[in-house]
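Notes for the one structure printed next.
Each ligand, and each atom within it, is numbered from 1 in the order the structure gives. Side-chain atoms are counted along with the backbone in the values below, which use heavy atoms only and exclude waters and symmetry mates.
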Amino acid sequence: MSDLFVELTAPNGRKYSQPRGLFINNEFVASKSGETISSVNPADEEEICTVYAAGAEDVDIAVAAARKAFKDPSWRDLDSTVRGDVLYKFAQLIEENKEILATIETWDNGKPYLVSLNDDIGEVTSTIKYYAGYANKIHGQVINTSPAKLAYTLREPLGVCAQIIPWNFPLAMAAWKLGPALCTGNTVVLKAAEQTPLSVLYLATLIKEAGFPPGVVNILNGEGRKAGAALAQHMDVDKIAFTGSTVTGKEIMKMAAVNMKNITLETGGKSPLVVFDDADLDQAVKWAHIGIMYNQGQVCSATSRILVQEAVYDKFVAEFKDHVLETSVVGDPFKDESYQGPQVTKAQFERVKAYIETGKSEGATLIAGGEPHKNVSGKGFFIAPTIFTDVTDHMQIYREEVFGPFVVISSFKTEEEAVERANDTSYGLGAALFTENITKAHRVARHIEAGMVWINSSNDSDVRVPFGGVKQSGIGRELGEAGLEAYTNQKAVHVNLGTRL
Ligand code: NAI
Ligand code: MG
């Protein structure tokens with residue numbers, strides 16, 4: 001079965017054995033149809049390899065494996081401390097394999113290697129460890145009602161959980177979903193994004209060694225419309241958790257209705273970053289840069305819409321532009337000095353280019369970027385960091401999620417106007433605000449319609465703190481204690497201690 005692995009040498013010289021199969025029941029297998037998808041390196045547009053893609057039949061097999069594993073007491077009824085130990089072991093194996101995982105992530109996704117290594121893999125291990133610690137701290141309550149009754153609750157796993165993840169943080173998004181699902185005793189079928197199929201397959205090689213029984217964690221690649229839709233519609237899947245576009249999130253919601261699946265959705269955003277005239281401008285500039293340019297601008301909670309109070313508008317724009325041009329070094333993602341790699345795919349590259357044309361035709365002022373960056377090797381999906389100013393509320397580039405190194409800046413007069421315009425969007429994921437006035441900061445934080453508010457920072461995320469959106473940015477929360485709610489039912493037990501009829 002040698003075609004289930006391929007020997008590869010990554011651009012940084014690292015040699016390794018890349019799995020190509022579907023990971024079901026702790027084994028790699030070929031897809032029933034033999035269909036594959038091609039994985040491309042966005043930095044040079046060359047194919048890395050192909051991997052097997054699941055169809056509906058493979059999804060059925062994976063779901064059946066997860067169902068069987070859920071019924072099996074060897075996982076569900078495992079002593080909760082021991083279940084935590086399996087997750088700790090998994091985190092330890094990830095740590096031991098971090099260079100190889102980071103190499104694959106960078107090769108397939110295009111994000112800088114040091115970011116993959118320190119941020120993404122760091123996020124993976126901290127998330128798995130955090131939820132490993134929760135495994136033996138999840139319990140119900142005793143609820144006092146009357147002397148004739150004992151009422152208590154049990155926290156129970158949901159069952160078979162399908163998890164559909166995106167391409168912008170493949171391993172980190174897998175960890176955000178696996179951690180809480182597994183520590184609570186569920187079983188999982190996870191589908192990676194077709195743009196970045198490789199790193200999760202390597203992650204799968206660590207599952208068996210960590211000690212998960214067969215069928216507890218199944219990992220598939222496959223197209224959204226085939227494998228993803230098959231999971232969302234499956235009658236034997238109890239829950240679906242999704243991260244991706246708002247459009248796909250809505251489709252998943254509809255499909256999940258067939259058997260009323262529990263759902264968690266984490267979708268798009270057009271998050272505002274508001275700079276008041278009493279802000280520490282130097283800090284506002286630096287955080288605003290990270291807030292939009294990190295990860296090639298491919299972040300759901302990116303603060304892509306900057307609103308600056310009139311009195312400091314010109315100064316902010318000038319300093320922000322200088323800082324972006326100086327700091328956002330576009331280059332080979334395997335070089336240490338690169339801050340920004342290529343966009344993940346040609347489709348995303350074309351999408352950002354199209355928004356650049358839209359911005360120009362809408363009459364916004366282009367002050368930086370606005371074109372592909374061709375100085376790396378002449379190839380690859382690189383885009384020069386792009387800034388539009390004098391952007392007004394009706395413009396498409398002000399309203400729609402671009403998902404690239406692309407930011408719009410607009411000015412406002414009053415606090416009231418800032419809040420109203422920050423909220424004038426169908427999205428509600430994050431919002432950042434900069435002011436040295438503590439009262440104003442908390443007042444505005446309350447009035448902003450968003451799942452997360454950053455005061456004097458942007459996109460500060462922590463595994464211990466809930467992450468998620470309101471409005472069309474999603475349903476439910478990931479991370480923190482709140483992340484456990486998404487994977488447990490509360491069963492109420494009423495014990496009659498003497499009420500006789
Ligand atoms: P997408 O939402 O279509 O894909 C995300 C995941 O959903 C992938 O695993 C995909 O295979 C799966 N999927 C797609 N169609 C499906 C279906 N009908 N049923 C079940 N699963 C399905 O996003 P796409 O097309 O890759 O990117 C388009 C835009 O979406 C981006 O430009 C960006 O604006 C947004 N996006 C947001 C992300 C976030 O972190 N919230 C991540 C990725 C994309
Ligand atoms: Mg790729």
Side-chain angles (χ1 to χ4, degrees), residues 37-51 53-54 56 59 104-111 162-170 172-174 176-177 190-200 219-234 237 240-256 261 263 265-271 295-302 304 333 341-352 354-355 380-381 400-404 406 427 429-430 451 459 461 467-469 472-474 478:
I37 50 179
S38 165
S39 161
V40 170
N41 173 3
D44 66 7
E45 305 175 39
E46 298 286 330
E47 179 177 272
I48 300 171
C49 67
T50 62
V51 298
V59 166
I104 302 170
E105 199 77 319
T106 290
W107 197 7
D108 203 6
N109 168 284
K111 65 178 71 196
Q163 307 185 317
I164 299 181
I165 59 167
W167 42 260
N168 50 345
F169 298 92
M173 289 302 101
W176 280 27
K177 291 192 170 27
L190 180 143
K191 191 199 82 67
E194 48 272 58
Q195 297 83 352
T196 51
L198 302 184
S199 57
V200 284
I219 296 182
L220 308 179
N221 275 297
E223 283 174 34
R225 285 189 182 283
K226 289 186 188 168
L231 282 168
Q233 289 170 320
H234 207 289
V237 168
I240 187 136
F242 165 81
T243 300
S245 65
T246 294
V247 173
T248 300
K250 289 179 185 177
E251 279 181 45
I252 285 180
M253 240 177 135
K254 280 190 213 151
M255 290 188 276
K261 287 181 187 68
I263 54 174
L265 304 173
E266 203 265 278
T267 56
K270 189 78 178 177
S271 299
N295 207 42
Q296 296 66 246
Q298 301 167 151
V299 181
C300 51
S301 52
S304 52
Q343 303 313 113
V344 71
T345 55
K346 188 164 173 44
Q348 290 300 126
F349 173 74
E350 295 296 341
R351 175 188 169 109
V352 181
Y355 273 109
F381 309 129
E400 296 175 12
E401 181 176 57
V402 176
F403 229 61
F406 182 111
Y427 295 116
L429 197 48
N459 277 271
S461 161
F467 186 104
Q472 293 187 34
S473 288
E478 298 190 278

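- Contacts between Trp167 and ligand 1 below 4.0 angstrom, taking non-hydrogen atoms only, involve the side chain exclusively.
- With a 4.0 Å cut-off on non-hydrogen atoms, Val247 does not touch ligand 1 at all.
- The atoms of ligand 1 that sit less than 4.0 Å from any heavy atom of Cys300 are 39 (C), 40 (O), 41 (N).
- For atom 42 (C) of ligand 1, the closest non-hydrogen atom of the protein is Pro166 CB, 3.3 Å.
- For atom 3 (O) of ligand 1, the nearest non-hydrogen atom from the set Thr267, Thr248, Val344 comes from Thr248.
- Ranking the protein heavy atoms by distance from atom 40 (O) of ligand 1 puts Asn168 ND2, 3.1 Å first.
- Closest of all the heavy-atom pairs between Pro342 and Gly110 is CD-O, 3.3 Å.
- Nearest protein heavy-atom contact of atom 25 (O) of ligand 1 is Gln195 NE2, 4.8 Å.
- The contact set between ligand 1 and Glu251, taken as ligand atoms under 4.0 Å from a residue heavy atom, comprises 18 (N).
- Residue contact annotation: Ile48 places no N/O/S atom under 2.8 Å from the Mg ion (ligand 2).
- By the 30° and 60° cut-offs, the orientation of the rings of Phe406 relative to Tyr355 is perpendicular.
- For the side-chain contact (heavy atoms from CB on, under 4.5 Å) with Trp167, the lone residue among Gln298, Glu194, Met173 that qualifies is Gln298.
- Of all the atoms in ligand 1, the ones that sit under 4.0 Å from a non-hydrogen atom of Glu401 are 33 (C), 34 (O), 35 (C).
- Under 4.0 Å from ligand 1, the heavy atoms of Ile165 that appear belong solely to its backbone.
- Of all the atoms in ligand 1, the ones that sit under 4.0 Å from a non-hydrogen atom of Ile252 are 20 (C), 21 (N).
- Close approach to Ile164 involves these atoms of ligand 1, each under 4.0 Å from a residue heavy atom: 6 (C), 7 (O), 9 (O), 12 (C), 20 (C), 21 (N).
- Ring-centre distance between Trp176 and Phe169: not below the 6.0 Å cut-off.
- No side-chain donor-acceptor contact under 3.5 Å links Lys191 to the backbone of Leu220.
- A donor-acceptor pair under 3.5 Å links the side-chain atoms of Lys261 to the main chain of Ala232, judged by distance alone.
- Among all protein heavy atoms, the one lying closest to atom 27 (O) of ligand 1 is Gln348 OE1, 3.7 Å.
- Near Lys191, meaning under 4.0 Å from any of its heavy atoms, are these atoms of ligand 1: 9 (O), 10 (C), 11 (O).
- Pro42 and Trp107 get closest at one heavy-atom pair: CD-O, 3.5 Å.
- In this structure Pro197 satisfies the side-chain contact (heavy atoms from CB on, under 4.5 Å) test together with Ile37, Ser39, Val51, Asp108, Asn221, sequence neighbours excluded.
- Protein heavy atom nearest atom 20 (C) of ligand 1, with residue, atom name and distance: Gly228 C, 3.2 Å.
- Not a single heavy atom of Gln298 sits less than 4.0 Å from an atom of ligand 1.
- Thr196 places no side-chain N or O within donor-acceptor distance of the main-chain N or O of Pro170, the cut-off being under 3.5 Å.
- Ligand 1 has Met255 within reach: a non-hydrogen atom of the residue lies less than 4.0 Å from it.
- With Asn295 contributing its side chain and Asn168 its backbone, the two residues share a donor-acceptor pair below 3.5 Å.
- With hydrogens and angles ignored, the 3.5 Å screen pairs no side-chain donor or acceptor of Gln233 with any backbone N or O of Met255.
- The nearest protein atom to atom 30 (O) of ligand 1, hydrogens excluded, is given as Ser245 CB, 3.0 Å; this is a heavy-atom distance.
- Of the protein's heavy atoms, Gly224 CA, 3.3 Å lies nearest to atom 13 (N) of ligand 1.
- The two residues Ala56 and Ala230 come nearest to each other via the heavy atoms CA-CB, 4.2 Å.
- Computed with the Mg ion (ligand 2) at the centre, the Gln195 O to Val40 O angle is 160°, stated to 10 degrees.
- Shown in contact with Glu194 at under 4.0 Å from a heavy atom are these atoms of ligand 1, numbered in order with element: 8 (C), 10 (C), 11 (O).
- Here the protein heavy atom with the shortest distance to atom 7 (O) of ligand 1 is Phe242 CE1, 3.2 Å.
- Glu401 contributes a side-chain N or O that, together with a main-chain N or O of Gly269, makes up a donor-acceptor pair within less than 3.5 Å.
- Using a 4.0 Å heavy-atom cutoff, Ala232 is absent from the residues neighbouring ligand 1.
- Residues Ser473 and Gly268 share a closest heavy-atom pair of OG-O, 2.7 Å.
- Close approach to Arg351 involves these atoms of ligand 1, each under 4.0 Å from a residue heavy atom: 29 (C), 32 (O), 34 (O).
- Closest heavy-atom contact between Val59 and Ala54: CG2-CB, 4.5 Å.
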